[in-house]
Amino acid sequence: MRQWPASIGLLFGAALALVGLLLASVLTHGSGDPDAPKSPTGSTRSFTSASPAPDDNKGDGDGRAAQLPSRVPALWPTPREVRPGRGTVPFGRTVALRSDAGTDPATLEAVARTLREAGVHQVRYGDRPQRDELLLTIVSKAPDASNTSDEASTALQTLGFEPLRKLPPDGYVLAADNDRKGRPRVVLAGTDPAGAFHAAQTLAQLVRPVGSTAPRAELPAVHIRDWPATSVRGIVEGFYGTVPKD
């Protein structure tokens with residue numbers, strides 16, 4: 001019997017192994033889904049798509065088209081509750097602004113400054129909003145538990161939110177959205193003048209997010225509730241180490 005050289009035998013065995021691997025690969029891929037998406041390298045990959053949310057592909061029942069969830073920028077200090085809505089709330093060139101008698105002048109000035117930064121040319125105090133004009137409502141007093149017809153609660157209800165609930169002192173609610181008729185609305189409701197002022201500062205961060213070099217001309221649809229953890233806040237300055245001796 002003729003003996004093959006060892007080197008030729010090894011090459012022949014390697015060739016047979018390679019052919020076997022190719023056949024196994026063809027058979028394995030041939031049994032998969034022919035319509036499966038391909039990766040950039042040409043290999044077949046399996047993808048799992050989540051089922052769409054109930055309102056992803058249709059309106060919300062009141063004539064408004066479905067919109068993607070809004071992207072709320074990082075806020076500092078971080079509010080206790082942040083619920084992004086859908087879509088955005090444009091400012092436009094004019095804004096109708098309503099406020100109660102207890103709103104601090106510093107709050108009104110902070111809001112007016114934020115509106116100017118967002119591109120608003122005219123702020124009409126106390127007027128009814130014109131067609132498709134943004135109505136911004138500022139409230140600096142929490143309503144009574146039995147009263148749900150105050151201006152803040154009414155404004156929140158038009159956006160689909162519950163009336164302003166009792167929050168601790170300095171707490172606030174900020175709501176920005178389009179009402180059921182598609183009209184832009186923003187509510188800054190504080191439990192007291194300090195809470196309304198904090199809501200105005202959060203509004204300023206939504207217009208010019210922290211680290212951003214340019215303001216935004218629209219707000220993300222959002223519902224924010226926040227209140228301080230303590231009634232008194234301060235800074236403690238201390239020294240840690242060894243006290244030098246004379």
Side-chain angles (χ1 to χ4, degrees), residues 75 77 79-83 85 89-118 120-181 183-208 218-228 231-233:
L75 300 171
R80 293 178 179 269
E81 296 179 11
V82 178
R83 297 190 308 184
V89 181
F91 282 105
R93 296 177 63 86
T94 63
V95 169
L97 192 153
R98 293 178 180 173
S99 62
D100 60 8
T103 301
D104 193 89
T107 300
L108 290 174
E109 174 58 30
V111 171
R113 183 170 57 251
T114 298
L115 294 176
R116 290 194 299 267
E117 196 171 19
V120 175
H121 291 254
Q122 181 184 16
V123 178
R124 301 186 301 104
Y125 294 89
D127 291 344
R128 295 177 59 87
Q130 299 174 355
R131 180 180 178 86
D132 298 330
E133 183 181 45
L134 171 64
L135 171 61
L136 195 154
T137 304
I138 306 176
V139 178
S140 57
K141 180 181 178 181
D144 297 333
S146 59
N147 182 15
T148 60
S149 60
D150 62 288
E151 190 168 9
S153 298
T154 302
L156 289 172
Q157 287 176 324
T158 60
L159 300 180
F161 298 119
E162 297 179 357
L164 181 62
R165 291 180 291 175
K166 181 66 177 177
L167 294 176
D170 294 2
Y172 70 88
V173 171
L174 187 156
D177 207 339
N178 297 288
D179 65 10
R180 293 178 175 85
K181 295 183 179 180
R183 299 173 298 186
R185 298 289 185 263
V186 174
V187 180
L188 310 181
T191 59
D192 47 34
F197 180 77
H198 296 321
Q201 301 306 308
T202 301
L203 176 69
Q205 291 190 53
L206 291 174
V207 171
R208 184 186 287 272
E218 58 187 14
L219 288 175
V222 67
H223 182 230
I224 298 173
R225 298 177 74 247
D226 193 22
W227 61 92
S231 57
V232 179
R233 285 159 287 185

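- If you run side-chain contact (heavy atoms from CB on, under 4.5 Å) between L156 and each of V139, V173, T137, only V173 comes through.
- Remark: D177 CG to R83 CZ distance equals 11.0 Å, nearest 0.5 Å.
- Formation of a donor-acceptor pair under 3.5 Å by the R80 side chain with backbone atoms of W227 is found in this model.
- To the nearest 0.5 Å, the span separating CZ on R183 from CD on E133 amounts to 12.0 Å.
- To the nearest 0.5 Å, the span separating CD on E81 from CD1 on I224 amounts to 10.5 Å.
- Looking at every heavy atom in both residues, Y172 comes nearest to G195 through CB-O, 3.3 Å.
- When all heavy atoms of P90 and P184 are compared, the pair lying nearest together is O-CB, 4.1 Å.
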Intermediate values then yes/no, side-chain contact (heavy atoms from CB on, under 4.5 Å), L136 and L115: CA-CA 10 Å; L136 195 154; L115 294 176; 4.2 Å; yes
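- With rounding to the nearest 0.5 Å, the separation of OG1 in T94 from CZ in R124 is 6.0 Å.
- In this structure, the side chain of D100 engages the main chain of S140 through a donor-acceptor pair within 3.5 Å.
- With respect to E117 and R113, no salt bridge is recorded, no charged nitrogen being found less than 4.0 Å from a carboxylate O.
- No donor-acceptor pair under 3.5 Å is formed between the side chain of T158 and the backbone N or O of D179.
- Note that CZ of F91 and OG1 of T114 are 8.0 Å apart. Values are rounded to the nearest 0.5 Å.
- In this structure, A176 and P220 approach most closely via the heavy-atom pair CB-O, 4.0 Å.
- The residue from V89, L159, N178 that alone fulfils the side-chain contact (heavy atoms from CB on, under 4.5 Å) condition with R185 is L159.
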Check against side-chain contact (heavy atoms from CB on, under 4.5 Å), L188 and T202: CA-CA 10 Å; L188 310 181; T202 301; over 6 Å; no
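- Closest approach of P193 and T107 over heavy atoms only: O-OG1, 4.2 Å.
- Atom-to-atom distance recorded for I138:CD1 and D104:CG is 10.5 Å, nearest 0.5 angstrom.
- Here the closest non-hydrogen pair linking R180 and Q157 is NH1-O, 3.3 Å.
- Under the 4.5 Å side-chain criterion, counting only non-hydrogen atoms from C-beta, H198 is not in contact with D226.
- The two atoms that bring D170 and T191 nearest to each other are N-OG1, 3.4 Å, heavy atoms only.
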